[in-house]
Amino acid sequence: NAVDAAVAVEYALAVCYPAAGNIGGGGFMLFRLANGEFYVLDYREKAPLGASRDMFLDREGNVILDLSTSHVLVSGVPGTVAGTIAAHERFGSLPFHRVIQPAIDLARTGFPLTEKQAVSLNTMKDEFIKQNKSPVAFVKEGDWQKGDTLRQAELARTLEQIRDHGRDGFYRGAVAGMIVSEMMQRGGLICESDLNQYAAVWREPVAGNYRSYKVVSLPPPSSGGICLLQMLSVLEDVPLAQYGWNTAATVHVMAETERRVYADRAAFLGDPGFIEIPVDGLLSKTYNTSRMSDFHPSRASRSDSLPAGNPWMYESEETTHYSVIDDKGNAVAGTTTLNDAYGSAIVVRGAGFLLNNQMDDFSSKPGYPNMYGLVGGEANSIQPGKRMLSSMTPTIVEKDERLFMVLGSPGGSTIITTVLQTILNVTVHGMTMQEAVDAGRFHHQWLPDQIYYEKQALDSLTVRALQLIGHRLQERSPIGRVDAILVLPDGRLEGAADHRGDDTAFGWNK
């Protein structure tokens, strides 16, 4: 079924996509069963028990540059293995050993590198050598070339431990010992208790309506679902179809919406086990309408004078994503990450997998930006055992109570706006699923105060029109890599894979 496929894909990504696929990181899965029931599984990484609020600050209270991204201290307690096993135990149909075996075979016998992967590994070569005292599979004499075979014998043995012993094959025993040894030798924090105590958490999804569609996504500690629903709540009343795709009017109102929602993200969102989050207020139509009360159709706002709102009064960029639908109508949207490309670039000796650098997703200091430029507040401060805030946004859309779309994307802070635009491209602008994924994208995240855009997203006249009303714009590299499935009116499935990556849409008929 779809869950067997999702778990198999996630382990295969841990082998074949080391830049983001992982067993040393974490993520989220959103499930829609064929009977219409929704579930969320949170296997986000956690701060080690030895972590502290000011661990990345010097004696004067200043952030120590790069400490939260390139030291073993940056690694949160990994959740991927616990998450995939929990998902399979609850919803899988095949024996677990059959689901994980293809990944073991890929690790041992190897797989051919794509051109993009070869370039990526060559770019990271010096960093891998710097961060690892022992040889690692990702470094070879000379440069990697397209078609070269990458074999990972140590990772294969680790996956066999998971196959044979389940959760204990990673969080206890030999593999856990290797993780703890790596931490002790390098001055890291993850200990046996961190590994033994880690557990994935089942949560209630967040949901909202956008015109005739029901949109279901992740709750905190992901910010993705709430932010996506806030944006859709505002834009529901805007005649985007009349404005046209990526015209100056469309980009202006969407950027102003994003600006306000990301300000709220910084102020109110974090791990619900540690802070009280005004979810109902943030999702209130009244609140989101009020956030746009100072919107001017011909003038850009200034982020430095635009604080977060007050939702308490209202009650009522490196990651990977996959989307799966099976023949029974079960669906899974899964997003998983190491945070930065290849995480910390530190490979656990003897175990063959990369450690995440997910602690950077906490607020090292309120008001200080992380590697994606996202500013956080006290709500996302570091505390022992706390899950760091995420932007991951695996999402499922229904139309007339039927499954309509499954989608998600990598991209750090740009994930939420990427998912937003893909949904609007189909539901408002009438695109096919592949057209919606291929279409150019833009992004605003409150701070820094500018619109980022892909070259193909905005023409020169649109850029100039936006500049004239006060927007700052910056062209940048590709935004997001969406993998999505659309259920067509006749029941057929249109899979769409993003040309920005090595992504693939693939269907299998019995």
Discussion item. Please enumerate all residues that pass salt bridge (Lys or Arg N to Asp or Glu O under 4.0 Å) together with Glu236, with sequence neighbours excluded.
Written reply: Lys285
Worksheet item: So Tyr171 and Tyr198, would you call those rings parallel, tilted or perpendicular, with 30° and 60° as cut-offs?
Response: parallel
Worksheet entry | ring pair (Phe, Tyr, Trp, His ring centres under 6.0 Å) assessment of Phe28 paired with Tyr43 | CA-CA 6 Å; Phe28 300 89; Tyr43 49 101; 7.1 Å; no
Worksheet entry | Gly343 backbone acceptor or donor facing Asp340 side chain under 3.5 Å | no
Practice prompt. Give a yes-or-no answer on whether the side chains of His321 and Thr335 include a donor-acceptor pair shorter than 3.5 Å.
Written response: yes
Worksheet item: Can you list every pair that meets salt bridge (Lys or Arg N to Asp or Glu O under 4.0 Å) and has a residue in residues 18-44, with sequence neighbours left out?
Response: Arg32-Glu398, Asp42-Arg203, Asp42-Arg387, Arg44-Asp361
Discussion item. With a 3.5 Å distance limit and no angle check, can you tell me whether His444 reaches the backbone of Trp446 through a side-chain donor-acceptor pair?
Written reply: yes
Fill in: Inter-residue atom distance Leu232.CG - Ile423.CD1, 0.5 Å rounding
5.5 Å
Worksheet entry | Heavy-atom neighbours of Glu475 CD exceed 12 at 6.0 Å | yes
Worksheet item: So does Arg211 have more than 12 non-hydrogen atoms from other groups sitting under 6.0 Å from CZ?
Response: yes
Worksheet, complete the sentence: Correct closest heavy-atom pair for Gly92 and Asp4 would be CA-OD1, 3.3 Å
Fill in: Parallel, tilted or perpendicular: ring planes of Phe96 versus Tyr11, cut at 30 and 60 degrees
perpendicular
Fill in: Nearest atoms (heavy-atom pairs only) where Ala331 meets Leu403
CB-CD2, 4.0 Å
Worksheet item: Where do Met29 and Ala87 come nearest, in terms of heavy atoms and distance?
Response: SD-CB, 3.9 Å
Worksheet item: When you measure from the side chain of Glu45 to the backbone N and O of Gly79, does any donor-acceptor pair fall under 3.5 Å?
Response: no
Fill in: Side chain to side chain, Ile485 and Leu407, heavy atoms closer than 4.5 Å
no
Practice prompt. Could you give me the CA-CA distance, side-chain angles and deciding distance for Phe91 and Tyr39, then say whether ring pair (Phe, Tyr, Trp, His ring centres under 6.0 Å) is met?
Written response: CA-CA 11 Å; Phe91 296 126; Tyr39 299 86; 5.1 Å; yes
Discussion item. Distance check, rounded to the nearest 0.5 Å: Phe38 atom CZ versus Ile396 atom CD1?
Written reply: 5.5 Å
Table please: side-chain donor-acceptor pairs of residues 246-256 below 3.5 Å, with sequence neighbours left out.
residue: Asn246; atom: ND2; partner: Ala457; partner atom: O; Å: 3.1
residue: Thr247; atom: OG1; partner: Tyr243; partner atom: O; Å: 3.0
residue: Thr247; atom: OG1; partner: Gly244; partner atom: O; Å: 3.4
residue: Thr247; atom: OG1; partner: Thr250; partner atom: N; Å: 3.3
residue: Thr247; atom: OG1; partner: Thr250; partner atom: OG1; Å: 3.3
residue: Thr250; atom: OG1; partner: Gly244; partner atom: O; Å: 2.6
residue: His252; atom: ND1; partner: His471; partner atom: NE2; Å: 2.7
residue: His252; atom: NE2; partner: His296; partner atom: O; Å: 2.8
residue: Glu256; atom: OE1; partner: Arg259; partner atom: NE; Å: 3.3
residue: Glu256; atom: OE1; partner: Arg260; partner atom: NH1; Å: 2.8
residue: Glu256; atom: OE1; partner: Ser301; partner atom: OG; Å: 2.6
residue: Glu256; atom: OE2; partner: Arg259; partner atom: NH2; Å: 2.9
residue: Glu256; atom: OE2; partner: Ser301; partner atom: N; Å: 3.2

Discussion item. As an exercise, state the distance from CG of Leu33 to CG of Asn330, rounded to the nearest 0.5 Å.
Written reply: 5.5 Å
Worksheet item: Any side-chain heavy atom of Tyr262 sitting closer than 4.5 Å to one from Cys227?
Response: no
Worksheet item: Does a side chain donor of either Asn22 or Thr336 reach within less than 3.5 Å of an acceptor in the other side chain?
Response: yes
Discussion item. Looking only at side-chain N and O atoms, does Glu378 offer a donor or acceptor that is under 3.5 Å from a partner on Ser381?
Written reply: yes
Discussion item. If you apply the rule side-chain contact (heavy atoms from CB on, under 4.5 Å), what do you find for Ser75 with Asn357, and how did you get there?
Written reply: CA-CA 5 Å; Ser75 296; Asn357 60 345; 5.9 Å; no
Worksheet item: Is the CD atom of Glu204 crowded by more than 12 outside heavy atoms at less than 6.0 Å?
Response: no
Practice prompt. Carefully, step by step, assess Thr414 and His443 under the rule side-chain hydrogen bond (donor to acceptor under 3.5 Å, both in side chains).
Written response: CA-CA 6 Å; Thr414 69; His443 171 75; 5.5 Å; no
Worksheet entry | Gap separating the CD1 atom of Ile325 from the CE atom of Met405, nearest 0.5 angstrom | 10.5 Å
Discussion item. What verdict does the side-chain contact (heavy atoms from CB on, under 4.5 Å) test give for Val324 and Val406, after you've listed the backbone C-alpha separation in whole Å, the side-chain angles of each residue and the deciding distance to 0.1 Å?
Written reply: CA-CA 8 Å; Val324 184; Val406 183; over 6 Å; no
Worksheet item: Shortest non-hydrogen contact from Phe274 to Pro384?
Response: CZ-O, 3.4 Å
Practice prompt. Using the test side chain to side chain contact (heavy atoms under 4.5 Å, CB included), find all partners of Ala497 that sit at least two apart in sequence or belong to another chain.
Written response: Asp483, Asp503, Ala505
Practice prompt. Mark yes or no for whether Gln474, through its side chain, and Ile451, through its backbone, hold a donor-acceptor pair below 3.5 Å.
Written response: no
Worksheet item: Would you find a donor on one side and an acceptor on the other, under 3.5 Å apart, between the side chain of Ser233 and the backbone of Gln230?
Response: no
Worksheet item: Rounded to the nearest 0.5 Å, how far does CD1 of Ile226 lie from CG of Asp264?
Response: 10.0 Å
Worksheet item: Would the Phe442 and Tyr452 ring centres measure less than 6.0 Å apart?
Response: no
Worksheet entry | Side chain Thr84, main chain Ala82, donor-acceptor under 3.5 Å | no
Worksheet item: Can you tell me if CZ on Arg402 sees more than 12 non-hydrogen neighbours from other groups inside 6.0 Å?
Response: no
Worksheet entry | Closest approach of Leu389 to Gly270 (non-hydrogen atoms, all atoms of both residues) | CD1-N, 3.7 Å
Discussion item. Show the nearest heavy-atom pair for residues Asn356 and Gly24, with the distance to one decimal.
Written reply: ND2-O, 2.8 Å
Practice prompt. Ignoring hydrogens and angles, tell me if any N or O in the side chain of Asp58 forms a donor-acceptor pair with the backbone of Gly61 under 3.5 Å.
Written response: yes
Item to complete: Determine yes or no for a side-chain-to-main-chain donor-acceptor pair under 3.5 angstrom, with Asn425 supplying the side chain and Gln421 the backbone.
Response: yes
Worksheet item: What distance do Met231 atom CE and Leu424 atom CG have between them, rounded to the nearest 0.5 Å?
Response: 10.5 Å
Practice prompt. Can you sort out the partners of Phe170 under ring pair (Phe, Tyr, Trp, His ring centres under 6.0 Å), two or more places apart, ordered by chain and number?
Written response: Phe353
Worksheet item: If you measure only the distance, is there a donor-acceptor pair under 3.5 Å linking the side chains of Thr418 and Ser409?
Response: no
Discussion item. Before you tell me yes or no, could you show the steps for Arg500 and Asp438 under salt bridge (Lys or Arg N to Asp or Glu O under 4.0 Å), namely the whole-Å CA-CA distance, both residues' side-chain angles and the distance that decides it to 0.1 Å?
Written reply: CA-CA 8 Å; Arg500 297 166 179 83; Asp438 288 343; 5.3 Å; no
Discussion item. Would Asp498 and Arg441 count as a salt bridge (Lys or Arg N to Asp or Glu O under 4.0 Å) here? Give the steps.
Written reply: CA-CA 12 Å; Asp498 206 319; Arg441 300 176 187 133; 3.0 Å; yes
Worksheet entry | Between Ser413 and Gln445: side-chain donor-acceptor atoms closer than 3.5 Å | yes
Item to complete: With sequence neighbours excluded, give me every side-chain hydrogen bond (donor to acceptor under 3.5 Å, both in side chains) pair touching residues 217-229.
Response: Ser217-Thr395, Ser223-Arg265
Worksheet item: Any side-chain heavy-atom pair from Pro219 and Val40 closer than 4.5 angstrom?
Response: yes
